[in-house]
Undergrad: 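Quick one: structure below, then a few questions.
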Amino acid sequence: MLYIIMAVLSGAMVSVQSSCNGVLSPLIGVFGVGFASMLLNSLTCFLLEFIPTRKFPKPGAMPPHVYLGSICAASVMGFSGYLVARLGSAVTVCLSVSGQLIMSAVVDHFGWFGSEKVKFRANRLPGFLSILAGVFVINFAGADSFHGISGQGTLFFLLLFAIFIGFITVFARMFNFEASHYVGRIAGGFYIAGVGALISFILLLFTSGFRVPVTDFVNAPVAAYLTGPLGGVACLFNNITYGKLKVFHATIFNLIGQICASIVADLLLFGEFPLGKLMGIFVICVGIFLDKRATLKAQGQETKKES
């Protein structure tokens, strides 16, 4: 029961982190969010590593390409805040998770990043088609619930962009996972997030004419800066729960936490949650569940063949 609660809390933390980024985005911009979130995430990882060991995380011999994860992670943090501010937390989280499922299937199918090739099976199509249907439901049935977005074409582009953020999230995780082989998962997170903060800061300097908007950072709500610590603790909880629960169950409980927290966040931030948007999110969740069940069934069949 404890690990189930941790899985749900981990998902809720990820969702609240996205909401925090959504609050920060209109105030400090995409690169400002990337800088603040990644810097605080790196600091959290450092404390999680240093407090129990009393040792500074060693960089080890991480190959240079691993730091591409820094660019990916900073992009996810910055642009997720941009999307949450326009689409809401629930829609952004659902579409990001959908993008992660799709890209994970591509990575497995081609065996990228040194992973074992797992051919895409037709039984996963219903889940993906359901996800796509949910996107169209949100775009048409829930279009009136979005404010400040001019036209369904712009809305549809933002919905697809949210899925693309899910793609980038997979790459960020793969590079982070590779880094863990050299220095450990927490220390790897410390260096990946630290370099991501540096890259975001440099981009912030260039886009602001080398005038850091210090006032904007100071005037932003203090609670929104919980984005970094929440990300670090959620990562730790994920490491624990995925080692204690079946991956399918851990993923579903994590998703439940994300969706519930994102709906609450939207109610608090926007004061409403229209039926059209809720219908679309429900259809997407059905697609995610169908895909996970199909994946689990395929894994069981492969295990039987091997035995």
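In what follows, every heavy atom counts, from backbone to side chain, and hydrogens, waters and symmetry copies are set aside.
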Undergrad: Would you check if Phe171 and Met103 make a side-chain contact, meaning some heavy-atom pair closer than 4.5 Å?
TA: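 Heavy-atom side-chain distance check passes, below 4.5 Å.
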
Undergrad: How long is the span from the CG atom in Leu290 to the CG atom in Asn123, to the nearest 0.5 Å?
TA: 10.5 Å

Undergrad: Would you confirm whether the ring centroid of Phe206 sits within less than 6.0 angstrom of the ring centroid of Phe210?
TA: yes

Undergrad: Would you check if the side chain of Ser42 reaches a backbone N or O of Met38 as a donor-acceptor pair within less than 3.5 Å?
TA: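 Side chain of Ser42 to backbone of Met38, a donor-acceptor pair under 3.5 Å: no, none is there.
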
Undergrad: For the CD1 atom of Ile71 and the CD1 atom of Ile199, what is their distance to the nearest 0.5 Å?
TA: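 If I round to the nearest 0.5 Å, the distance is 4.5 Å.
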
Undergrad: Okay, side chain of Ser130, backbone of Pro126: is any donor-acceptor separation there less than 3.5 Å?
TA: no

Undergrad: Tell me, with the steps shown, if Phe201 and Val212 meet side chain to side chain contact (heavy atoms under 4.5 Å, CB included).
TA: CA-CA 9 Å; Phe201 183 71; Val212 179; 4.1 Å; yes

Undergrad: Quick one: closest heavy-atom pair of Cys45 and Gly189, and the distance?
TA: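 Reported closest heavy-atom pair: SG-C, 4.0 Å.
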
Undergrad: Between Leu205 and Ile28, is there shared hydrophobic-cluster membership here, with clusters defined by ILVMFWY side-chain heavy atoms closer than 4.5 Å?
TA: yes

Undergrad: Over all heavy atoms of both residues, which pair between Ser89 and Ser262 is shortest? Give the atoms and the distance, please.
TA: OG-CB, 3.3 Å

Undergrad: Is there a path of hydrophobic side-chain contacts, each under 4.5 Å between heavy atoms of I, L, V, M, F, W or Y residues, that connects Leu48 with Val14?
TA: no

Undergrad: Quick check: is Tyr3 connected to Met13 through a chain of hydrophobic side chains (ILVMFWY, heavy atoms under 4.5 Å apart)?
TA: yes

Undergrad: Indicate yes or no: at least one non-hydrogen side-chain atom of Phe282 is less than 4.5 angstrom from one of Cys285.
TA: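 Side-chain contact under 4.5 Å: no.
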
Undergrad: Kindly assign one of parallel, tilted or perpendicular to the pair Phe161 and Phe157, based on the angle between their ring planes and the thresholds 30° and 60°.
TA: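 Parallel, since the angle between the ring planes stays under 30°.
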
Undergrad: Any chance you could measure Phe164, atom CZ, to Ser75, atom OG, to the nearest 0.5 Å?
TA: 8.5 Å

Undergrad: Just one of Thr92, Val16, Val33 clears the side chain to side chain contact (heavy atoms under 4.5 Å, CB included) bar with Asn21, so which one?
TA: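 Result: among Thr92, Val16, Val33, Val33 is the only option passing the side chain to side chain contact (heavy atoms under 4.5 Å, CB included) with Asn21.
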
Undergrad: Look at the side chain of Ser10 and the backbone N and O of Met6, then say whether any donor-acceptor pair between them is shorter than 3.5 Å.
TA: no

Undergrad: Between Val84 and Ser25, is any pair of side-chain heavy atoms under 4.5 Å apart?
TA: no

Undergrad: Which value, rounded to the nearest 0.5 Å, describes the distance between Leu198 atom CG and Phe35 atom CZ?
TA: 9.0 Å

Undergrad: Which atoms form the tightest heavy-atom contact between Ile284 and Gly134, and what is the distance?
TA: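 Reported closest heavy-atom pair: CG1-CA, 3.7 Å.
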
Undergrad: Decide side chain to side chain contact (heavy atoms under 4.5 Å, CB included) for Leu155 and Leu87; before the verdict, give the C-alpha distance in whole Å, the side-chain angles of both, and the deciding distance to 0.1 Å.
TA: CA-CA 8 Å; Leu155 174 59; Leu87 300 177; 3.7 Å; yes

Undergrad: Hey, does Met77 have a side-chain heavy atom less than 4.5 Å from the side chain of Gln17?
TA: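 Answer yes - side chains close enough.
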
Undergrad: Nearest 0.5 angstrom please: Ile165 CD1 to Leu160 CG, how far?
TA: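 Going from the CD1 atom of Ile165 to the CG atom of Leu160 covers 12.0 Å.
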
Undergrad: Do you know the tightest heavy-atom contact between Ile192 and Val66?
TA: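 That closest heavy-atom pairing would be CD1-O, 3.5 Å.
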
Undergrad: Is Val135 reachable from Val97 through a run of I, L, V, M, F, W or Y residues, each pair having side-chain heavy atoms under 4.5 Å apart?
TA: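 Yes, Val97 and Val135 fall within the same hydrophobic cluster.
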
Undergrad: Taking all heavy atoms of Ile288 and all of Ser98, pick out the closest pair and write down the distance.
TA: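 That would be CD1-OG, 4.0 Å.
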
Undergrad: Is a side-chain donor or acceptor of Ser37 paired with a backbone partner of Gly34 at a separation under 3.5 angstrom?
TA: no

Undergrad: Testing the basics here: between Ser18 and Val93, what is the closest heavy-atom pair and its distance to 0.1 Å?
TA: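 Closest heavy-atom pair between Ser18 and Val93: OG-CG2, 4.3 Å.
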
Undergrad: For Ser15, is there any backbone N or O sitting under 3.5 Å from a side-chain donor or acceptor partner on Ser19?
TA: yes

Undergrad: Using the six-membered ring of Tyr82, assess whether NZ or CZ of Arg86 lies under 6.0 Å from its centre and within 45 degrees of the ring axis.
TA: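 Ring-cation test returns yes.
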
Undergrad: Taking C-beta and beyond as the side chain, do Phe136 and Phe156 meet within less than 4.5 Å on heavy atoms?
TA: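 Of all side-chain heavy-atom pairs linking Phe156 with Phe136, at least one is under 4.5 Å.
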
Undergrad: Under a single-linkage definition using a 4.5 Å side-chain heavy-atom cutoff for Ile, Leu, Val, Met, Phe, Trp and Tyr, are Val170 and Ile102 assigned to the same hydrophobic cluster?
TA: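 As far as the 4.5 Å side-chain criterion goes, Ile102 and Val170 are connected within one cluster.
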
Undergrad: Report the distance from atom OG of Ser70 to atom CZ of Phe175, rounding to the nearest 0.5 Å.
TA: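 The CZ atom of Phe175 is 10.0 Å from OG of Ser70, to the nearest 0.5 Å.
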
Undergrad: So, the side chain of Asp291 versus the backbone of Gly287: is there a donor-acceptor pair under 3.5 Å, distance only?
TA: no

Undergrad: With the side chain counted from C-beta on, respond yes when Met62 and Tyr67 share a heavy-atom pair under 4.5 Å apart, and no when they do not.
TA: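 Side-chain contact under 4.5 Å: yes.
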
Undergrad: Would a 4.5 Å heavy-atom cut-off, applied to side chains only, mark Thr169 and Ser96 as touching?
TA: yes

Undergrad: Going by heavy atoms in the side chains, are Tyr225 and Phe217 under 4.5 Å from each other?
TA: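 Tyr225 reaches Phe217 side chain to side chain.
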
